[in-house]
Amino acid sequence: MYSRFFPDAPDIPVDFGAMRIISARHPRMIKAGVDLGLKFAIFPEGLGRIPERTLLYLRNTHLTTNELGGPNTPYNLRPEERMDPRLLSQLLSETYSNYNGTNPNVELYTATTLDGIPLYLQSYQEVIQKTGISNEAQEYIKDSSLFHYGFGPVQSLENFPKTRRGFDRPKMPTDLPEIITVPTGMNSYPSEFMRQFLSSNPFRHTFRCNSQLVSISKKGRGIYRLKFMTTITVNGTTLPTKNYFCVDTRNVILALPKVPIQRIQMPQFSNPTFISALNTVIDVQASKIFLVYNYPWWLSGSRNFTFTHSDLPYRQSFNWGISRTGKAIFLISYADKEDVPFWSRLQNTGNVISKRNDDTRVTDEVVKQAHRQLSSVYNIPVKTIPYPVDGMMFVWNRYPYNGGWVEWMPGSKRYDIKRYLRRPFGKNNIFINHGYWGADYNGWGESSLEAADDVLSFFNVPSYLSTIYK
């Protein structure tokens with residue numbers, strides 16, 4: 001969760017990480033928000049592609065969501081493939097696997113394709129080939145998906161098994177709108193958690209930035225020595241120093257993603273089972289670009305599209321809001337996987353146009369490419385798009401995160417991996433607490449809170465929820 005504010009629009013946070021909550025699926029996030037005193041508000045664009053507000057642009061063709069699968073669909077589909085891509089995906093799952101979705105936690109690892117091979121052992125690429133659909137239909141399904149993770153040589157469970165019609169999973173009852181956000185920015189969650197943690201015991205609770213854990217060693221009598229390297233951050237770039245310090249402790253909780261864990265020196269970390277468990281996930285790169293304008297040009301004239309989706313590298317755009325200052329914010333690009341390096345290179349090319357020259361800087365080359373793509377989407381001359389007054393972007397591809405979320409490798413049983421990684425070294429009090437291995441919602445805040453619950457169970461601390469919903 002990473003929120004920032006533009007100087008010209010100080011009342012509207014922009015979220016480079018998490019930006020929304022599914023109220024019926026994320027009970028811990030809801031409870032945490034209430035406990036922390038945060039307010040909730042509707043996230044206007046929901047999960048994207050609200051029909052009356054969405055413009056699609058695929059293969060140089062403008063479409064509404066209702067036109068997908070119709071005669072204007074720019075893919076050479078067979079007659080039986082001409083339908084909404086989500087319905088096509090569901091039909092393939094129903095026809096070529098025995099997955100129902102009545103008990104996903106069990107079924108995902110018992111369901112098979114028609115040849116009897118479990119779905120979890122196969123990649124999406126393998127499974128989709130078995131269906132015999134055309135290459136054009138495969139491209140159609142992928143291009144029309146908002147995100148590209150879960151396609152290709154990774155485990156098929158993310159994108160192939162679809163709950164059969166009539167077997168929809170029940171949702172948690174809630175009085176809140178379906179998709180919500182926090183008006184003060186999603187970063188309010190960790191910030192308020194930390195504030196309350198520090199104030200609850202000012203003498204014992206501390207928080208220290210710029211300290212990289214480099215090694216863990218045993219001292220004996222159940223004591224672990226943690227060696228930290230002091231780092232320094234300049235304009236968003238964190239650099240190592242030659243200064244170190246040590247901390248002794250009886251318990252170690254590593255709330256870290258995969259790559260930082262792999263860099264820690266510790267004898268147990270060479271355990272082949274542990275290495276294999278970490279490598280069941282692959283980081284997915286992601287990027288977001290926000291630009292500020294004097295007016296919302298994307299809503300001008302007869303246009304009323306607040307969300308667009310395309311096969312161009314910008315991939316998704318969102319109307320983010322209009323500040324009380326009158327400035328308009330546009331999330332002009334939200335991309336993942338293969339399109340992220342395109343923006344990452346441009347961020348380091350050309351002249352900086354941002355008012356802050358740090359790790360969120362935007363260059364004129366970023367603006368030029370974004371405007372060129374959106375001019376095609378909105379079917380307007382690029383010269384009619386006004387120049388932004390400011391911009392920020394963030395690319396989730398660098399240490400320590402290396403990605404915005406993860407994909408699972410074929411053969412991985414997520415719940416077994418999750419259970420193992422909670423306490424991977426026998427009776428050693430070293431715990432791993434990260435939402436990447438939170439199974440159902442990896443990459444969401446809900447997963448991180450569930451991972452915290454899992455670790456705290458070893459200390460006989462009750463679940464954050466009175467009843468755990470899974």
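Computed from a prediction, not measured in an experiment: that's the story for all the values here.
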For the ring pair W297 and Y378, is the centre-to-centre distance below 6.0 Å?
-> yes
Quick check, are the ring centers of F394 and W396 under 6.0 angstrom apart?
-> yes
CG on L254 to CD1 on I432, rounded to 0.5 Å = 6.0 Å
Are K288 and D15 ion-paired here, with the side-chain N under 4.0 Å from a carboxylate O?
-> no
Sort and list the pairs that fulfil ring-ring contact (aromatic ring centres under 6.0 Å, His included) and have at least one residue in residues 5-27, not counting sequence neighbours.
-> Y2-F16, F16-F290, H26-Y441, H26-W444
Do T360 and D358 meet the criterion of a side-chain donor-acceptor pair at a distance under 3.5 Å?
-> yes
Give every residue pair that meets the side-chain hydrogen bond (donor to acceptor under 3.5 Å, both in side chains) criterion with at least one member in residues 323-335, sequence neighbours excluded.
-> D11-S323, N294-K327, S323-T325
Can you label the angle between the Y57 ring and the H62 ring as parallel, tilted or perpendicular, going by 30° and 60°?
-> tilted
With sequence neighbours excluded, tell me which residues meet salt bridge (Lys or Arg N to Asp or Glu O under 4.0 Å) with R345.
-> none
Before giving the answer on salt bridge (charged side-chain N to carboxylate O under 4.0 Å, His left out), spell out for K337 and E407 the whole-Å C-alpha distance, their side-chain angles and the decisive distance to 0.1 Å.
-> CA-CA 11 Å; K337 293 199 74 170; E407 296 175 305; 3.0 Å; yes
Which word best sums up how the rings of Y189 and F193 line up, parallel for under 30°, tilted for 30 to 60°, or perpendicular for over 60°?
-> tilted
Taking the six-membered ring for Trp and the full ring for Phe, Tyr or His, determine whether the centres of W298 and F330 are under 6.0 Å apart.
-> yes
Measure up the Y149 and F147 rings against each other and bin them: parallel (under 30°), tilted (30 to 60°), perpendicular (over 60°).
-> tilted
Is the shortest distance from a Lys or Arg side-chain nitrogen in R25 or E446 to a carboxylate oxygen in the other one below 4.0 Å?
-> no
Are side-chain N/O atoms of Y314 and T308 paired as donor and acceptor at under 3.5 Å?
-> yes
Side chains of S447 and N442: is there a donor and an acceptor less than 3.5 Å apart?
-> no
Can you list every pair that meets ring-ring contact (aromatic ring centres under 6.0 Å, His included) and has a residue in residues 343-365, with sequence neighbours left out?
-> none
Lys/Arg-Asp/Glu bridge criterion (N-O < 4.0 Å) met for D35, K31 | yes
Results of side chain to side chain donor-acceptor pair (under 3.5 Å) for Q212 - residues two or more places apart only = Y399
From T349 atom OG1 to Q369 atom CD, the distance as rounded to the nearest 0.5 Å | 10.0 Å
For the pair E136 and R59, find out whether any cationic side-chain nitrogen is under 4.0 Å from an anionic carboxylate oxygen.
-> yes
Qualifying residues under salt bridge (Lys or Arg N to Asp or Glu O under 4.0 Å), relative to K142, sequence neighbours excluded | E338
Just checking, is any N or O donor in the side chain of Q125 or Q129 under 3.5 Å from an acceptor N or O on the other one?
-> no
